[in-house]
Amino acid sequence: MKRILVTGGTGYIGSHACLELLLADYEVIAIDNLSNSSEESLKRVRNITNKDLIFHKVDLLDKQELNKVLSKYKVDAVIHFAGLKAVGESVELPLKYYFNNVVGTLNLCEAMIKNNVKTIVFSSSCTVYGVQEKMPLKEDCPLQPCNPYGRSKRDVEEILNDIYNMDTSWNIVLLRYFNPVGAHGSGQIGESPLGTPNNLLPYIAQVAVGKLPELHVFGDDYPTSDGTGVRDYIHVVDLSRGHIRALESKISGSGMHTYNLGTGKGCSVFEMISAFEKVSGKKINFQINDRRSGDSAICYADSQKAQKELGWAAEYDIEKMCEDAWHWQSCNPNGYE
Ligand code: WQD
């Protein structure tokens, strides 16, 4: 039985990954500072899987507590989700993002070295690419992040690369997520943003459930099929399973690997609205607003490398993403509150 430390384990993606790890018979030690999530998510993961996991409230900026967990549990690998991820907020509070995302990772790597743990799967992001002309995005695209969030993820990738160059017995996998959406089919765990959602699908779901009056569409004058922004939305369960595949195919060896985790398909805002209306039977009222600063027109992945080397490919389509997002939202109108 392999034992995995999951940082950010109570979060949206972290909790879904803990569930998939338990189903794949891993032992899970989850840590989180609970600044943007609730331990309730892991209570529900235990219910769904009928398996137990260990949770400790730990902040990556608390080196002592972090080292205690790593020295107490002899983990075989770390999956590192913990971090702040709101693009807009990162522009307003850059230092908070660099401390949490970069210094937090430095503390984690130091504790891993102290406890001789040399395998890490890192939750990176397509935002490291920044605005690119050529689509779909491949892993060897030049990295030109255009906001502090994307730069913090790029910086962590560089740090992990330097660690690998220092000691090539490390085993490092960088997973660049595109747009994670949806929820586990049980409707028991899902995305529970604090306050008004920044991202499209949770916002649409809250309009559908009556928590918000209408969606603001940020621009309908982009050079796309219908003028609205196009993104590569990926079901959070597909994304989580990509982590299991990364562990299983890379946990025994050593090396430095980078993979895009997306579907390879673009979907516009209007297409997402139509899909959500179809699966929920609800009308999504919206108004067209100005473009949101920092938004690009089109962003979607080339994920062939993950398919070839990890044997992973996304399975779920937009309607399934909307269906599961709606199931979660309608069963939990106030998230985990
Ligand atoms: C999607 C589209 C908006 C909200 C996200 C995460 C980021 C990263 C990548 C992991 C855009 C439009 C949105 C709204 C709208 N994920 N939109 N009205 O900006 O691609 O970034 O995925 O690292 O962390 O933030 O996602 O859902 O905010 O926007 O019209 O109320 O929907 O303009 O075209 P984005 P998003």
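Counting starts at 1 for both ligands and their atoms, following the listed order.
The N/O atoms of Ser296, backbone and side chain alike, include none that comes under 3.5 Å of an N/O atom in ligand 1. The shortest N/O to N/O separation between Tyr149 and ligand 1 falls below 3.5 Å. Between Thr127 and ligand 1, a contact under 3.5 Å exists for no N or O pair. Here's the thing with Gly229: none of its N/O atoms is less than 3.5 angstrom from an N/O atom of ligand 1. Residue Ser125 has at least one N or O atom closer than 3.5 Å to an N or O atom of ligand 1. At a 3.5 angstrom cut-off on N or O pairs, Arg231 counts as close to ligand 1.
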Going through the distances and angles, do Phe81 and His243 end up as a ring pair (Phe, Tyr, Trp, His ring centres under 6.0 Å)? CA-CA 11 Å; Phe81 293 105; His243 292 72; 5.0 Å; yes
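The ligand atoms of ligand 1 that sit less than 4.0 angstrom from a heavy atom of Val217 are 30 (O). Every atom of ligand 1 is numbered from 1 in the order shown, and the set under 4.0 Å from a heavy atom of Asn198 is 4 (C), 28 (O). Heavy-atom contacts of Phe178 reach the following atoms of ligand 1: 9 (C), 10 (C), 16 (N) (cutoff under 4.0 Å). Each of the atoms 12 (C), 32 (O) of ligand 1 lies under 4.0 Å from some heavy atom of Val269.
Of all heavy-atom pairs spanning Val131 and Cys146, the tightest one is CG2-SG, 4.3 Å. Closest approach of Leu70 and Ala111 over heavy atoms only: CD1-CB, 3.3 Å.
At least one cation-pi condition fails for Lys2 and Tyr26: the charged atom is not both under 6.0 angstrom from the six-membered ring centre and inside a 45 degree cone around its axis. With Tyr222 as the aromatic partner, Arg291 meets the cation-pi criteria of under 6.0 angstrom to the ring centre and within 45 degrees of the ring axis.
Nearest protein heavy-atom contact of atom 30 (O) of ligand 1 is Phe218 N, 2.9 Å. The single protein non-hydrogen atom nearest to atom 19 (O) of ligand 1 is Arg292 NH2, 2.8 Å, given as residue, atom name and distance.
With respect to Asp317 and Lys265, no salt bridge is recorded, no charged nitrogen being found less than 4.0 Å from a carboxylate O. A salt bridge between Arg154 and Glu157 is absent, with no side-chain N of the basic residue lying under 4.0 Å from a carboxylate O of the acidic one.
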